[in-house]
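To start, the structure under review is shown below, and the notes come after it.
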Amino acid sequence: MERRNYRETYDTYRTDERPVRRKRKKKRKSHFLYFFVVTVLGAAILCLFILLLFKVQKIEITGNHYCTNKQIKDMVQSDKYSVNALYIFGKYMTDRGEVLPCLDSVRVTLKAPWHVNVEVREKTIVGCMAQGEENIYFDKEGLVVYKDSERMEGLPLVEGISVKNTKLYQKMESGDAGIFEEILETSQELKKYEITPKKIVCKDGNIYLYIKNVSVSLGSTVTSEKIAQIPPIMEKLGRKKGTLHMENYSDDRETITFEEKASKKKEKEEEKEN
């Protein structure tokens with residue numbers, strides 16, 4: 001009798017335990033499914049929120065002078081994901097954004113989730129050359145950064161040297177590489193000392209600057225020391241006309257001479273005397 005009661009008690013315990021375990025497993029599955037659904041819905045809502053809130057509505061561009069707003073806007077939105085302001089900000093923060101060859105730097109900030117501010121710094125133009133009806137503007141490396149039919153004020157026009165490969169964003173080349181490098185050096189130094197000649201002329205292997213009524217002969221080589229002497233000398237010359245000879249000027253040999261050109265009135269008087 002005792003054995004039968006024990007067996008009945010054991011069987012009763014097992015039959016009572018099984019449904020409880022099944023219920024717990026079902027509860028766990030339902031909790032996991034609920035958590036999964038909530039997570040997916042939350043992620044979807046977050047993505048939708050980011051897409052709508054950070055959708056680009058305005059791009060503000062500052063710092064450009066010769067690059068157009070359209071060029072910079074097309075640069076910033078160069079791929080299909082660039083309709084999102086957060087994406088644009090991220091790619092330029094990680095230096096993965098496109099930068100035009102005529103720009104030294106690009107800085108992107110957000111004024112609002114939908115308002116992108118693009119601050120650029122352009123490469124400095126040091127001179128220009130005329131080619132047909134176009135003016136070719138170049139930087140200190142000889143890179144063509146801008147082309148236009150109109151002349152910019154405050155930039156010297158380079159004459160007397162032929163160049164090739166004048167396509168936009170490409171480096172110009174010349175058959176006389178030596179004198180071309182000297183012209184680039186001259187243009188850079190003139191910009192540094194804020195000297196604006198009417199033109200820079202290459203003639204017989206020598207470089208001439210035309211400033212007001214004076215032709216400055218620099219010779220075949222140009223140095224920063226030579227260019228630095230021009231402003232104080234020009235101030236002393238005033239309205240005089242002539243040629244300033246600086247071909248032999250150097251730190252060791254400070255020879256500068258001015259060959260004054262006689263006025264038309266004086267020339268006529270000399271002609272009468274002769």
Side-chain angles (χ1 to χ4, degrees), residues 66 101-104 122-132 134-148 151-237 240-261:
Y66 57 85
C102 60
L103 299 177
D104 272 333
E122 297 170 326
K123 289 187 176 178
T124 304
I125 295 175
V126 298
C128 72
M129 293 183 181
Q131 190 177 64
E134 270 193 326
N135 292 293
I136 302 165
Y137 298 91
F138 56 89
D139 71 349
K140 63 181 181 180
E141 302 295 334
L143 181 75
V144 179
V145 295
Y146 182 60
K147 296 173 82 171
D148 195 33
R151 278 285 309 278
M152 282 187 186
E153 293 183 3
L155 288 171
L157 181 67
V158 178
E159 297 179 352
I161 187 167
S162 59
V163 293
K164 54 184 179 180
N165 199 27
T166 57
K167 291 181 180 179
L168 193 63
Y169 304 146
Q170 291 193 13
K171 196 171 181 179
M172 295 186 297
E173 297 175 0
S174 174
D176 193 341
I179 198 67
F180 183 60
E181 288 298 324
E182 291 298 324
I183 286 176
L184 291 177
E185 179 70 21
T186 303
S187 302
Q188 187 178 348
E189 291 298 329
L190 290 171
K191 194 78 176 178
K192 177 182 174 182
Y193 289 100
E194 298 180 348
I195 302 169
T196 309
K198 294 177 183 177
K199 55 185 177 180
I200 303 172
V201 178
C202 178
K203 186 178 180 182
D204 300 326
N206 293 317
I207 297 171
Y208 298 87
L209 308 179
Y210 288 83
I211 307 172
K212 295 180 181 179
N213 298 318
V214 177
S215 170
V216 182
S217 178
L218 297 173
S220 58
T221 56
V222 179
T223 63
S224 181
E225 290 77 14
K226 279 186 181 182
I227 302 298
Q229 300 303 314
I230 295 174
I233 294 173
M234 290 299 298
E235 190 175 346
K236 290 179 182 178
L237 291 176
K240 290 182 180 179
K241 297 180 181 180
T243 303
L244 184 64
H245 292 278
M246 301 184 70
E247 300 95 327
N248 301 317
Y249 179 85
S250 65
D251 289 337
D252 300 326
R253 189 177 179 185
E254 298 181 355
T255 305
I256 299 176
T257 58
F258 180 67
E259 183 183 345
E260 188 174 1
K261 183 180 179 181

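As the structure is a prediction and not an experimental result, all values here were calculated from the model.
- Two residues are said to be in side-chain contact when any heavy atoms from C-beta on lie closer than 4.5 Å; I136 and V163 fail this criterion.
- With a 4.5 Å cut-off on side-chain heavy atoms, I200 and S187 count as touching.
- Closest approach of L155 to V126, counting heavy atoms only: CD2-C, 4.2 Å.
- Looking at residues two or more places apart in sequence or on another chain, you find a ring-ring contact (aromatic ring centres under 6.0 Å, His included) between Y66 and Y146.
- Annotation: salt bridge (Lys or Arg N to Asp or Glu O under 4.0 Å) contacts involving residues 208-234, sequence neighbours excluded, are absent.
- Interatomic distance, Y208 OH to E159 CD, rounded to the nearest 0.5 Å: 14.0 Å.
- For K147, the salt bridge (charged side-chain N to carboxylate O under 4.0 Å, His left out) partners two or more places apart in sequence, or in a different chain, are E134.
- Every residue meeting the side chain to side chain contact (heavy atoms under 4.5 Å, CB included) condition with K192, not counting sequence neighbours, appears here in chain and number order: E189, S224.
- Annotation: side chain to side chain donor-acceptor pair (under 3.5 Å) contacts of Y249 (sequence neighbours excluded): Q229.
- With respect to S217, the side chain to side chain donor-acceptor pair (under 3.5 Å) criterion is satisfied by exactly one of K203, H245, E247: E247.
- Scored by the side chain to side chain donor-acceptor pair (under 3.5 Å) test, S220 finds no partners at all (sequence neighbours excluded).
- For the pair K261/N213, no side-chain contact is recorded, criterion being any heavy-atom separation below 4.5 Å from C-beta on.
- When atom types are taken as modelled, the side chain of D139 and the backbone of E141 share a donor-acceptor pair closer than 3.5 angstrom.
- Looking at heavy atoms from C-beta onward, I233 lies out of side-chain contact with V216 at the 4.5 angstrom threshold.
- With rounding to the nearest 0.5 angstrom, the CE atom of M172 is 4.5 Å from the CE atom of M129.
- Residues meeting the side chain to side chain donor-acceptor pair (under 3.5 Å) test with E260, sequence neighbours left out: none.
- For K198, there are no side chain to side chain contact (heavy atoms under 4.5 Å, CB included) partners two or more places apart in sequence or in a different chain.
- A228 pairs by the side chain to side chain contact (heavy atoms under 4.5 Å, CB included) definition with Y193, not counting sequence neighbours.
- The minimum heavy-atom distance linking S162 with S174 is given by the pair O-OG, 3.1 Å.
- Atoms CG and OH, on L143 and Y137 in that order, are 15.5 Å from each other to the nearest 0.5 Å.
- With sequence neighbours left out, the side chain to side chain donor-acceptor pair (under 3.5 Å) criterion links Q131 to T166.
- Remark: E181 pairs with L184 by the side chain to side chain contact (heavy atoms under 4.5 Å, CB included) rule, at least two apart or across chains.
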